[in-house]
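The chain is numbered in sequence order, starting from 1. What you see is a predicted model, and the numbers here were worked out from it, not measured in a lab.
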Amino acid sequence: MWGGRKGALLRVWGLWPAGVLGRRPLSCNAASLAGSNSPQCWNCGGPGGPMRGHEFFCPQCRALQPPDPTRDYFSLMDCNRAFRVDTAKLHTRYQELQRLVHPDFFSQRSQTEKDFSEKHSTLVNDAYKTLLAPLSRGLYLLKLHGLEIPEGTDDEMDRQFLMEIMEINEKLAEAQSEAAMKETESIVRAKQKELTDSVSRAFEQDDLEKAKEMLTKMRYFSNIEEKIKLKKIPL
C-alpha cells in the first residue's frame, strides 16, 4: 500500500527516478551530454558518470550514478559559496535531494544503485548539517580556502579572551538553579551572535585571517554550549 502511495506522491513531485516502469524521467539535455567528455555510465556505457544539478541519473538508461567527488557542499546544496546562507532554501534543497536519492526509493534496484544511493544520501546529510550551523559552515568555508584551525590553539588566543571563557565556565559550574543556567546560556548566545556577525563581515571583506580568529572564538563558546546541554540533562 505504501509503495503505491509513495509512487503517486513522487509522480506528482516529478522526482521519481526513471528506469523502472511507470517512473517519470528527469529532464536532462541528453544531446549535450552525449557530446561532452563526461565519464561513461557504469551501467550502459553511455555518457554518464558523476553528474551535477538534478542529473543524478544516466540520461540513457536512467541508472543512478556515483557522487561527484569534485563537488563541494555549497554546489551540492545549490548555495552560493559564502558564509551567509538562506537556511530555509537550504532545507528545501535538502528535502528535494533526499526525495531523489534516499535509499528507501532504491530497494528494488540493483545493488550498485543501492550503494550509490547510500553514498548520495550520506553526502547530502553531511552537507546539510555542515552548512546549517554557522560554526561548521565557517570552518568548511575556511577549509575550501586552504585554511584549518588545529586543536589546542590556546597559546594563540589573547589572555583577556581566555579569562572571559574561564569566568563563563566557572559561572556555569556554579549554576544550581534554572535561572542561573538561563543567564549563562543567554550570555553565550549573545556572544555567538556577535561573533557570527563578525565572521560574516570578515568573509565579505575576504579577510580570512580575521574569519579564522572569530571562528576559533566561536568554537570555544560552542564547547560551553555543549556543556550547558549536558547540564540540562537530568541525572
Side-chain angles (χ1 to χ4, degrees), residues 1-82 85-133 136-137 139-144 148:
M1 179 179 178
W2 165 239
R5 287 181 61 197
K6 178 172 68 179
L9 286 171
L10 290 173
R11 281 192 290 274
V12 170
W13 287 325
L15 294 172
W16 197 351
V20 174
L21 184 62
R23 295 190 173 186
R24 178 179 174 180
L26 297 170
S27 62
C28 65
N29 190 339
S32 64
L33 285 171
S36 70
N37 294 321
S38 59
Q40 290 185 331
C41 170
W42 63 270
N43 185 53
C44 71
M51 308 181 79
R52 290 179 174 266
H54 291 298
E55 318 297 352
F56 288 90
F57 303 88
C58 172
Q60 310 301 321
C61 70
R62 310 307 297 168
L64 180 65
Q65 300 300 295
D68 182 351
T70 67
R71 194 173 194 183
D72 65 60
Y73 289 168
F74 289 97
S75 173
L76 176 63
M77 303 308 290
D78 196 23
C79 296
N80 293 328
R81 188 186 284 193
V85 167
D86 184 335
T87 55
K89 180 183 175 182
L90 177 67
H91 184 68
T92 298
R93 172 68 170 172
Y94 169 73
Q95 292 178 315
E96 177 184 317
L97 290 179
Q98 285 294 20
R99 290 195 294 264
L100 277 173
V101 300
H102 195 279
D104 285 353
F105 302 143
F106 292 84
S107 59
Q108 303 302 315
R109 305 296 288 269
S110 68
Q111 186 59 50
T112 298
E113 286 181 284
K114 290 178 183 179
D115 292 342
F116 288 157
S117 173
E118 290 281 356
K119 292 178 180 178
H120 276 295
S121 187
T122 298
L123 187 62
V124 169
N125 281 328
D126 290 345
Y128 176 67
K129 291 177 182 178
T130 297
L131 299 187
L132 184 62
S136 55
R137 185 195 315 143
L139 292 174
Y140 181 71
L141 191 54
L142 268 188
K143 186 175 181 180
L144 292 179
E148 294 191 57

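Judged purely by atom type and a 3.5 angstrom limit, Arg137 uses its side chain to pair as donor or acceptor with the backbone of Leu132. One N or O on the side chain of Ser136 and one on the backbone of Ala133 form a donor-acceptor pair closer than 3.5 Å. Remark: the backbone N or O of Ala63 is paired with a side-chain donor or acceptor of Gln65 at under 3.5 angstrom. Gln60 contributes no side-chain N or O that, together with a main-chain N or O of Gly46, makes up a donor-acceptor pair within less than 3.5 Å. No donor-acceptor distance shorter than 3.5 angstrom exists from the side chain of Asn80 to the backbone of Ala82, with no hydrogens or angles considered.
Thr92 meets the side-chain contact (heavy atoms from CB on, under 4.5 Å) test with no other residue; sequence neighbours excluded. For Thr122, the side-chain contact (heavy atoms from CB on, under 4.5 Å) criterion is met by Asp126, not counting sequence neighbours. The side chain to side chain donor-acceptor pair (under 3.5 Å) search around His91 returns Gln95, Tyr128, not counting sequence neighbours. With sequence neighbours excluded, no residue satisfies side chain to side chain donor-acceptor pair (under 3.5 Å) with Tyr73. With sequence neighbours excluded, the residues forming a side-chain contact (heavy atoms from CB on, under 4.5 Å) with Ser121 are Gln98, His102, Pro103, Asn125, listed by chain and number. Scored by the side chain to side chain donor-acceptor pair (under 3.5 Å) test, Gln111 finds Asp115 as partners (sequence neighbours excluded). For Glu118, the side chain to side chain donor-acceptor pair (under 3.5 Å) criterion is met by no residue, not counting sequence neighbours.
Nearest heavy-atom pair across Ser117 and Leu64 is N-CD2, 3.5 Å. For Phe56 against Arg71, the heavy-atom pair with the smallest separation is CZ-NH1, 4.3 Å. The minimum heavy-atom distance between Leu144 and Asp72, with the atom names listed, is CD2-CB, 4.2 Å.
Residue Phe116 holds its CZ atom at 6.5 Å from CH2 of Trp42, rounded to the nearest 0.5 Å. The structure places CE of Met77 at 5.0 Å from CG of Leu90, a figure rounded to the nearest 0.5 Å. Considering CG of Asp78 and CG of Leu97, their distance stands at 8.5 Å, rounded to 0.5 Å. Atom CZ of Arg62 and atom CZ of Arg109 lie 9.5 Å apart (nearest 0.5 Å). Going from atom OG of Ser110 over to atom CG of Asn43 covers 6.5 Å, rounded to the nearest 0.5 Å. Annotation: the span from Phe106 atom CZ to Glu113 atom CD amounts to 6.5 Å, rounded to 0.5 Å.
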Test salt bridge (charged side-chain N to carboxylate O under 4.0 Å, His left out) on Glu96 and Arg93; report intermediate values, then the result. CA-CA 5 Å; Glu96 177 184 317; Arg93 172 68 170 172; 3.2 Å; yes
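Using a 4.5 Å heavy-atom threshold, the side chains of Leu100 and Phe57 count as touching.
Remark: Lys119 NZ is loosely packed, at most 12 non-hydrogen atoms of other residues, nucleotides or ligands lying under 6.0 Å away.
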